[in-house]
Colleague: 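Dumping the structure here so I can ask a few things about it.
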Amino acid sequence: MTPENSHDLRLPNRFLELYTPEKIHGDFVGKHIISVEQFESNDLKILFDATASIRKRLKQSDRGLLELCAGKIAVTLFYEASTRTDMSFQAAMRRLGGEIVAASNGVQFSSVYKGENLADTVRAAGCYADAIILRHPDVGSSYEAAYYLDKLREQIQRKPVIISGGDGVGEHPTQALLDMFTIFDFKKGFDDLTITLVGDLKNGRTVHSLSKLLARYGARDVTLCLVSPAKLKMPEKILAELKAANMRIVETEDLSEVIGSTDVIYWTRVQEERFADPAEYAAVKDSFIMLPSVLAQAKPDAILMHPLPRKNEMGTPADHDLLDADPRSVYFQQMENGMFVRMALLAKVLGGLWV
Amino acid sequence: MTPENSHDLRLPNRFLELYTPEKIHGDFVGKHIISVEQFESNDLKILFDATASIRKRLKQSDRGLLELCAGKIAVTLFYEASTRTDMSFQAAMRRLGGEIVAASNGVQFSSVYKGENLADTVRAAGCYADAIILRHPDVGSSYEAAYYLDKLREQIQRKPVIISGGDGVGEHPTQALLDMFTIFDFKKGFDDLTITLVGDLKNGRTVHSLSKLLARYGARDVTLCLVSPAKLKMPEKILAELKAANMRIVETEDLSEVIGSTDVIYWTRVQEERFADPAEYAAVKDSFIMLPSVLAQAKPDAILMHPLPRKNEMGTPADHDLLDADPRSVYFQQMENGMFVRMALLAKVLGGLWV
Amino acid sequence: MTPENSHDLRLPNRFLELYTPEKIHGDFVGKHIISVEQFESNDLKILFDATASIRKRLKQSDRGLLELCAGKIAVTLFYEASTRTDMSFQAAMRRLGGEIVAASNGVQFSSVYKGENLADTVRAAGCYADAIILRHPDVGSSYEAAYYLDKLREQIQRKPVIISGGDGVGEHPTQALLDMFTIFDFKKGFDDLTITLVGDLKNGRTVHSLSKLLARYGARDVTLCLVSPAKLKMPEKILAELKAANMRIVETEDLSEVIGSTDVIYWTRVQEERFADPAEYAAVKDSFIMLPSVLAQAKPDAILMHPLPRKNEMGTPADHDLLDADPRSVYFQQMENGMFVRMALLAKVLGGLWV
């Protein structure tokens, strides 16, 4: 049997049923972070408090931060490139006094390309690491990684954790956490907010995870406007979760109907590749490009978010420059928050690791 | 003359005669580590004591470890990918408070590909580093590196060292040291042991280095069983060394003859590519696949080692799972020991570097 | 509009007019370092004092150095490989207690290859970093980066800086600074020196920047000998600057005319690709190869510099060995100085960043 076959025998998505990550329940120490479903409202409040405090200490240049993960090692295993997530985790770990280990030549040149399977690579990394930041194209791969790390824990009497940096089209928990924190930070909570998600809501991983977390947070009187092409609507399964959480849902193809009453605009890209017929794409695309003239219709205290990187969904570089100059555009603060949220998460998860 | 030609003029293996690395003789400070022949029994005992102590301190989360290489820089030059060796050295250095520098884009994109020769690249790294971890496909390259670093030392009045991370089909000293430590650690010594090496003993670098170190250790009443296909037997030259060290040697193609009396099973891969005739490979291959049914024949207190990564020489992923669950399988502890041995080595070599 | 077009709309060299970097004027804190034109004679004296002091402290293993950038993060963005500059900056930052963040898989696999433009990538890095080390093939890219980082500063209330690691055929300020320091260090100043630049003076970035800095330093009675093939002479524009600074200029194709009276020989490569007609190259090439027989004609106290890496412009590896053994060859000390100058620069620029 060739390594290729043998690899096929372990389908990562099998582990979605086989493995259930522990709930946080107020205690982060030593827990894998692979799904937003581990978080309840109270866990988010704890994390957001820690995030705000870490940001404050960093901007005051508090050297004490360097003690929080001193002596801890995170190994980054990125099976696909994601510069932002990668750099954000690296900076977060190092600003806490921790260290990062990554394959010098990149994982694409490493033993995984010599046919080694994920289960072995993750345990190899676990032999050296306190945390493994895993980015992988296959849904369920972070579950598989957690499953095998738990087995390794018994052998080495240390407790390395998996922190997901994105799991194919599945989950990207830390992206959802930083999006939530950014709304929380600018709006001082979620009650009574009108939040508008725009773009490809059918395939967009970030909008799915963010919606789920909003539902789990359980805020009062939240209106969620879902603006997408008819072909790219939010999946029924997620809609059901949102309604079960008593959120008011407005689905439309026309942003102008809702932008005037929106507190938070979350912009994402509609990819031409999603349309079989180019004419279909041509028909809708202009409705899904954020331009200064569009932002002009938003409330003066609205915020415009975007996970970045952006392309033509925000027009030309000249449009970018105009949008960036608008105080309602907070996507760079959102990106910086990504580092602060990851710092808080790493400090909480690794903090008491050896204690 | 083109850089290619000029490169050819310096054949790394020439430096095997031209350069002799210093013996350790109980003092590691400032010495290049490029061959197991630098180590005597006493040096191994010193290193193993330090390794056990460092492991204990790490598992107790002793922050004092971060002082041992604080302010020291190791540059990793990996001319071929070796994720494990690379990550293991990185984690080792960083867990001692030292730092790692590697070409951001990997050495395969670096100046070596603009025709620069090893002698210059190594000296460039030496200008920035206290230690250079060198992995190179050519036998003798670590000797060449040490030769030119010694010249650089005179010019910069600092003493950067080379530590070999594997030298083509030549040596991989730190792999041999971690294998020795693992046996020492589980068996509390080497006297009276029966150690069985299985696989391609003709071409296997790790089994060669391990055998040599066993011979140099000079334990009493060691039996070494060499199990390989007839075509892939241990080279005569090494056999002679082993016999000169009064080891009992048993050569066979049939593991079942010896597994029942074996204390240490060291498993390696038999590569199909080694056989001109596929039929020949087909005839032997099943005898060189470790399966749960094979391990069942081993003593209850035997240990099963493997340098990893593994492929089908341990069967399917389902077989892996069963083998991994057997307490006799210690290859993950062996891998973790790799980090501890490298920590001990780096601490000893760099410790007094500037003193 | 495709990302490709949109990228074209922002031509980096446009920013050469659009953006003027701040002069140092004795205060380095929080300033981008993108051009030698930011430096006056006094700034160089301050930097060289700091460099000498840092080198002394490093060779004494002074742990206090680790305080100078503790808690600071530098992100390296290398859009083209440059192992030396990359490793030199990494080692510099880490020897000051600071940390480096780089895309694990190298920037060539990162989001910039998904069509993201430089302005966004640099601001993303700025969200995580205190300093960004930028190496880019396009002239003006470091100006563009500084322009957009200044906009980001207003949004995140932190002041990340750009430090250029080379800007296409434009500038490479830290290379020029380390070249200047090396001359200053060996010759205790610049007054009354005869400095000879050899090679492709038309296209050589390093000789251009070095010449400009020499002119800006304003030393007394400096003679600058410019030795190049007729086709590859120093550009008129730079010659004018040099004459305006009252330097004595000697242009020739024949090194032997000037080598005997030269204090500093700065050697660079003449690339065959620069000649349309191979015969033309063949005619001149031997005059531009440094050999032991050539160095023999130099003064006993002359120094031979080279930016490295070197190829056949220093003959064969056998010639290299002979040249390297000559005490007048200081190119490895020059390379080590690169780390010390970058340490001084980083300490000065980042030192008070949060104060």
Side-chain angles (χ1 to χ4, degrees), chain A residues 1-11 67 70-77 94 97-121 123-130 132 147-148 151-158 160 352-355, chain B residues 58-66 76-84 86-95 97-100 102-109 133 135 289 308-312 314-321 324-325 327 329-339:
Chain A
M1 132 157 333
T2 75
E4 288 63 34
N5 310 125
S6 63
H7 184 63
D8 294 338
L9 291 186
R10 284 217 201 95
L11 299 170
E67 290 304 308
K72 303 296 169 66
I73 301 277
V75 168
T76 57
L77 289 179
R94 288 177 160 140
E99 285 288 0
I100 293 286
V101 166
S104 299
N105 290 355
V107 106
Q108 73 279 9
F109 292 99
S110 80
S111 51
V112 292
Y113 275 52
K114 301 179 194 157
E116 185 177 60
N117 57 50
L118 181 65
D120 279 9
T121 300
R123 280 179 289 186
C127 286
Y128 311 135
D130 301 300
I132 297 170
Y147 175 87
Y148 281 102
K151 295 193 173 300
L152 181 70
R153 285 174 168 197
E154 298 154 24
Q155 293 174 295
I156 65 174
Q157 289 106 45
R158 285 193 302 111
L353 202 56
W354 284 337
V355 178
Chain B
L58 183 78
K59 302 223 173 186
Q60 293 169 344
S61 181
D62 176 348
R63 293 279 183 94
L65 290 173
L66 298 175
T76 56
L77 287 179
F78 276 58
Y79 287 74
E80 62 185 7
S82 174
T83 317
R84 258 170 207 58
D86 181 8
M87 287 190 171
S88 178
F89 269 114
Q90 286 187 52
M93 190 66 182
R94 289 177 159 138
R95 287 191 181 279
E99 285 288 359
I100 293 286
S104 299
N105 291 356
V107 105
Q108 72 278 11
F109 293 99
I133 318 296
R135 169 82 166 206
I289 297 181
L308 301 179
R310 60 183 165 180
K311 293 188 191 173
N312 49 335
M314 281 194 177
T316 68
D319 298 320
H320 291 190
D321 291 347
D324 299 351
S329 299
V330 301
Y331 30 82
F332 288 115
Q333 292 95 317
Q334 177 186 2
M335 192 166 356
E336 193 191 26
N337 286 338
M339 175 175 70

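Lettering follows sequence order; numbering is per chain, from 1.
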Colleague: In terms of heavy-atom pairs under 4.5 Å, which option from B:R63, B:Q333, B:E99 contacts chain A the most?
Modeller: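 The candidate making the most pairs under 4.5 Å is B:R63.
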Colleague: Where on A:V101 is there a heavy atom nearer than 4.5 Å to chain B: the side chain, the backbone, both, or neither?
Modeller: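 Interface part for A:V101: both.
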Colleague: Applying salt bridge (charged side-chain N to carboxylate O under 4.0 Å, His left out), can you list everything that pairs with B:D324, at least two apart in sequence or on another chain?
Modeller: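 Once residues adjacent in sequence are excluded, the partners of B:D324 under the salt bridge (charged side-chain N to carboxylate O under 4.0 Å, His left out) criterion are A:R123, B:R310.
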Colleague: What part of A:L152 gets within 4.5 angstrom of chain B, counting heavy atoms only: side chain, backbone, both, or neither?
Modeller: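 Side chain only.
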Colleague: Which atoms of A:A129 are under 4.5 Å from chain B, going by heavy atoms: the side chain, the backbone, both sets, or neither?
Modeller: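 Backbone of A:A129 only, per the 4.5 Å heavy-atom cut-off to chain B.
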Colleague: B:D319 and B:T316: side-chain donor and acceptor closer than 3.5 Å?
Modeller: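 Side-chain D/A pair, B:D319 to B:T316: present.
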Colleague: With sequence neighbours excluded, tell me which residues meet ring-ring contact (aromatic ring centres under 6.0 Å, His included) with A:Y147.
Modeller: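 With neighbours one apart ignored, the set is A:F15.
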Colleague: Under 4.5 Å between any side-chain heavy atoms of B:F78 and B:I133, yes or no?
Modeller: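 Counting from C-beta outward, B:F78 and B:I133 do come under 4.5 Å.
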